[in-house]
Asks: 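Quick one: the structure is below, questions incoming.
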Amino acid sequence: MATPLPPPAGAEDRLRDLGSVTEAAVSHLGADYVLTALLGRVKEIIDADTAAVLLLDNSGRQLIATAASGLEEEVSQGVRIPVGAGFAGRIAAGRRPVILGHVDHSNGLNPILLDKGIRSLVGVPLLVHGAVTGVLHAGTVHDRVFTAGDAALLQLAADRAALAVQSLRSREDRAAAAALQRGLLPSALPVVEGVEVAARYVPGVGQVDGDV
């Protein structure tokens, strides 16, 4: 795997407010809302016209358009891209940035990108502990050659987005598990003469698993 490029000078300063958006949003919003807020900042940071996040599905074989700014059609149409195919699929399969200085039909792109008049693209993988969880890409509707520095900056943003999504999904999974467990409580308790019966749900702590 290629050695990651160092971020350009001043990258952390430019991304500082991106981190604050992530921390504030994660506390009370869902993953799609957090990503939409992040994408707006990403466009400003690298001076792009569009930005989108595609997340890997449970099978690990397809990318699903989850959030977009300037490419909302990808999300509304439920675009799915096989890993290894098209622009986003190549990024996920190769686990490294991809830059396209000239976009046309020969690139095997999602038709929505062509219909929107995208002329240049840069994309990077979303990685959590070295595993690909999705793709973040940005584009312009005018001719532009994205640089390795742009890709490195986008990768920093993708790292923040990946961690935000992981945090949100973990929280949502815990909430769903808690709701399921509470649903296992009896809806009505037996009436036994001379005995007071009550039920209470208490989540386990530590290494507790399985049915008890």
Asks: For Asp47 and Arg144, run side chain to side chain contact (heavy atoms under 4.5 Å, CB included): C-alpha distance rounded to whole Å, both residues' side-chain angles, the deciding distance at 0.1 Å, then the answer.
Replies: CA-CA 11 Å; Asp47 191 24; Arg144 171 180 174 178; 3.9 Å; yes
Asks: Tell me if the NE2 atom of His129 is crowded by more than 12 foreign heavy atoms within 6.0 Å.
Replies: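 Counting neighbours around NE2 of His129, 12 or fewer heavy atoms of other residues, nucleotides or ligands fall under 6.0 Å, so no.
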Asks: Does the Thr50 side chain pair with the main chain of Gly139, one donor and one acceptor, at a distance under 3.5 Å?
Replies: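 Side chain of Thr50 to backbone of Gly139: a pair is present.
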Asks: Looking at Gln155 and Leu153, would you say the former's side chain and the latter's main chain have a donor-acceptor pair under 3.5 Å?
Replies: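 Side chain of Gln155 to backbone of Leu153, a donor-acceptor pair under 3.5 Å: no, none is there.
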Asks: Do the side chains of Leu38 and Val75 join up, straight or via other hydrophobic residues, at under 4.5 Å, putting them in one cluster?
Replies: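 No, separate clusters.
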Asks: Side chains of Leu113 and Val103: does their closest heavy-atom pair fall under 4.5 Å?
Replies: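 Answer no - side chains too far apart.
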Asks: To the nearest 0.5 Å, tell me how far Ile81 CD1 sits from Phe87 CZ.
Replies: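 Here the interatomic distance stands at 11.5 Å.
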Asks: Would you sort out whether Leu156 and Arg160 count as a side chain to side chain contact (heavy atoms under 4.5 Å, CB included), showing the intermediate values?
Replies: CA-CA 7 Å; Leu156 287 175; Arg160 285 159 172 74; 3.9 Å; yes
Asks: Is the shortest heavy-atom distance from the side chain of Arg80 to the side chain of Asp57 under 4.5 Å?
Replies: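 Contact flag for Arg80/Asp57 side chains = yes.
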Asks: Measure the shortest side-chain to side-chain distance between His142 and Asp49 over non-hydrogen atoms and say whether it is less than 4.5 angstrom.
Replies: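 With C-beta onward as the side chain, the pair touches.
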Asks: To the closest 0.5 Å, what do you measure between CG (Leu127) and CG (Leu136)?
Replies: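 Interatomic distance, Leu127 CG to Leu136 CG, rounded to 0.5 Å: 11.0 Å.
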Asks: Quick one, Arg90 and Leu100 - any side-chain contact, counting heavy atoms below 4.5 Å?
Replies: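 Heavy-atom side-chain distance check passes, below 4.5 Å.
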Asks: Would you compute the distance between atom NE2 of His137 and atom CG of Asn110 and round it to the nearest 0.5 angstrom?
Replies: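 Here the rounded value is 7.5 Å.
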Asks: With the side chain counted from C-beta on, respond yes when Leu54 and Thr66 share a heavy-atom pair under 4.5 Å apart, and no when they do not.
Replies: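 Side chain of Leu54 against side chain of Thr66, heavy atoms only: no contact under 4.5 Å found.
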Asks: Looking at CG of Leu154 and CD1 of Ile45, how far apart are the two atoms once the value is rounded to the nearest 0.5 Å?
Replies: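 The distance works out to 9.5 Å.
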Asks: Would you say the side chain of Thr147 lies within less than 4.5 Å of the side chain of Val122, judging by non-hydrogen atoms?
Replies: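 No, side chains not in contact.
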